[in-house]
Structure formats: C-alpha cells, structure tokens
Amino acid sequence: MGRDTIADIITSIRNADINGKRVVRIDSTNITDDIVKILLREGFIENVRKHRENNKDFLVLTLRHRRNNKRPYRNLLNLKRISRPGLRIYSNYQMIPKILGGIGIVILSTSRGIMTDREARQERIGGELLCSIW
C-alpha cells in the first residue's frame, strides 16, 4: 500500500499552522518540490530551504504568521485535499472550481506539470485536482 505524499505535506503544514509553529520539515520528492514552489510563489509560505540528513532530503518551510499578539490566533492557511488515491477527481479547464471567487487557488496535476488553476485556465488544459488553498 502506497503513501499519499500530498496528503502528508498538507497535513503537516495544516498542523503546524494550527499549533502556531513557524517551521515545518517535510520529505522532499518531485511532487512536494513542485507544490512547495507554488505555495512560495503565491505567498502562502515565507521561505523554503533544502536540508539533507542521513542521505535523505527534506524541505524546511517557514510559514507566515500574524505578528499581532493582542488578538486570538487565527489560521492563515486553509488547505484541503480534493483528489485522493481512492477517488481521483479530474476536470477540464472550463470546470476548474474557483475558490472564494478567485482569492484561493487550486493546484492541479496536468500533462505539462503541476500548476495553479489560473495557469491551467490560461493554457487551456485540465487535469487532476490535487488540493485547494485559501
């Protein structure tokens, strides 16, 4: 039985955000590298660096947090897995959902690589809906 690496990184980031941690360490694979690049480019995380330990690569993510301590803590990231190993969900470029009217993003796996919903609509290609972030 295989592991769902996308769900693992989403859960790690979500748990760190809920607990108010600034740093998350996740396994480095081709898919996680692409997803983390998208999160960094879209501004959902602050920094990424590669770390090697015992011949295994890790990504160390620095999350964004509010620095105002007067208010109660609120999550900045809302991540949700859409397609999963037991139920794959595909969409053409016209039917890709818009998250919060375009404020959030959907990450897709397409024939041209992993990209956001905006990029997929612009290139007019569909694919598997991996996750949504807002």
Side-chain angles (χ1 to χ4, degrees):
M1 191 160 164
R3 290 182 46 183
D4 188 8
T5 58
I6 298 169
D8 290 344
I9 66 166
I10 288 173
T11 303
S12 298
I13 294 171
R14 186 186 314 120
N15 288 343
D17 190 44
I18 288 171
N19 292 324
K21 298 192 185 250
R22 260 185 87 71
V23 178
V24 180
R25 191 176 94 165
I26 58 174
D27 291 336
S28 177
T29 63
N30 290 337
I31 287 181
T32 58
D33 290 348
D34 292 340
I35 290 174
V36 167
K37 284 178 190 174
I38 289 174
L39 292 175
L40 183 64
R41 188 176 64 225
E42 295 290 326
F44 289 105
I45 57 177
E46 279 185 21
N47 192 13
V48 178
R49 63 183 169 89
K50 277 209 172 198
H51 179 68
R52 188 168 182 85
E53 185 177 305
N54 297 334
N55 293 332
K56 193 167 183 183
D57 289 331
F58 294 99
L59 293 175
V60 179
L61 311 177
T62 306
L63 302 179
R64 289 190 184 273
H65 285 293
R66 290 202 169 93
R67 290 171 174 80
N68 185 358
N69 294 334
K70 295 178 183 176
R71 293 185 186 172
Y73 180 75
R74 260 185 57 200
N75 295 357
L76 286 181
L77 292 175
N78 291 307
L79 296 108
K80 183 178 177 187
R81 180 82 157 111
I82 298 174
S83 183
R84 50 193 171 91
L87 179 63
R88 303 286 185 188
I89 298 176
Y90 298 93
S91 176
N92 62 9
Y93 76 94
Q94 297 164 334
M95 301 298 288
I96 297 172
K98 287 189 178 183
I99 306 299
L100 293 178
I103 295 173
I105 62 169
V106 175
I107 297 179
L108 289 94
S109 175
T110 66
S111 59
R112 296 186 191 159
I114 294 179
M115 61 179 62
T116 64
D117 56 343
R118 290 182 211 113
E119 294 168 347
R121 280 190 204 98
Q122 187 177 13
E123 295 197 23
R124 301 175 69 108
I125 55 174
E128 181 184 356
L129 305 176
L130 297 178
C131 61
S132 64
I133 304 158
W134 70 95

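Residues: numbered from 1 along the sequence shown. Below, each value reflects all heavy atoms present in this structure, side chains not excepted, and no hydrogens, waters or symmetry copies.
Scanning both residues, R118 and G104, for their nearest heavy atoms gives NH2-O, 3.7 Å. In terms of heavy-atom proximity, L40 sits nearest to E46 at CD1-O, 3.4 Å. Scanning all heavy atoms of the two residues, the minimum distance from K80 to W134 falls at CB-CZ3, 4.3 Å. Here the closest heavy-atom approach between residue I13 and residue L39 is recorded as CD1-CD1, 4.0 Å.
R84 pairs by the salt bridge (Lys or Arg N to Asp or Glu O under 4.0 Å) definition with nothing, not counting sequence neighbours. Looking at residues two or more places apart in sequence or on another chain, you find no salt bridge (Lys or Arg N to Asp or Glu O under 4.0 Å) involving R124. By the side-chain contact (heavy atoms from CB on, under 4.5 Å) test, N92 pairs with Q94, M95, sequence neighbours left out. With sequence neighbours excluded, no residue forms a side chain to side chain donor-acceptor pair (under 3.5 Å) with S109.
A distance of 9.0 Å separates CD1 in I31 from CD1 in I9, rounded to the nearest 0.5 Å. Here the CG atom belonging to N30 is positioned 9.0 Å from the CD1 atom belonging to I114, to the nearest 0.5 angstrom. Rounded to the nearest 0.5 Å, atoms CD1 (I82) and CG (L87) are 11.5 Å apart. Between the OG atom of S28 and the NE2 atom of H51 there is a distance of 12.0 Å, given to the nearest 0.5 Å. Residue R41 holds its CZ atom at 6.0 Å from OG1 of T116, rounded to the nearest 0.5 Å.
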Let me check something: any side-chain donor-acceptor pairs from residues 96-103 under 3.5 Å, sequence neighbours excluded? List them with distances.
none

In residues 55-63, what donor-acceptor pairs under 3.5 Å come from side-chain atoms, sequence neighbours left out?
unit_1, atom_1, unit_2, atom_2, d
D57, OD1, R52, NH1, 2.8
D57, OD2, R52, NH1, 3.4

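Crowding of E123 atom CD: a count of heavy atoms from other residues, nucleotides or ligands under 6.0 Å exceeding 12.
D33 and K37 are not joined by a salt bridge, as no carboxylate oxygen comes within less than 4.0 angstrom of a charged side-chain nitrogen.
The main-chain N or O of G43 is found under 3.5 Å from a side-chain atom of R64 such that the two form a donor-acceptor pair.
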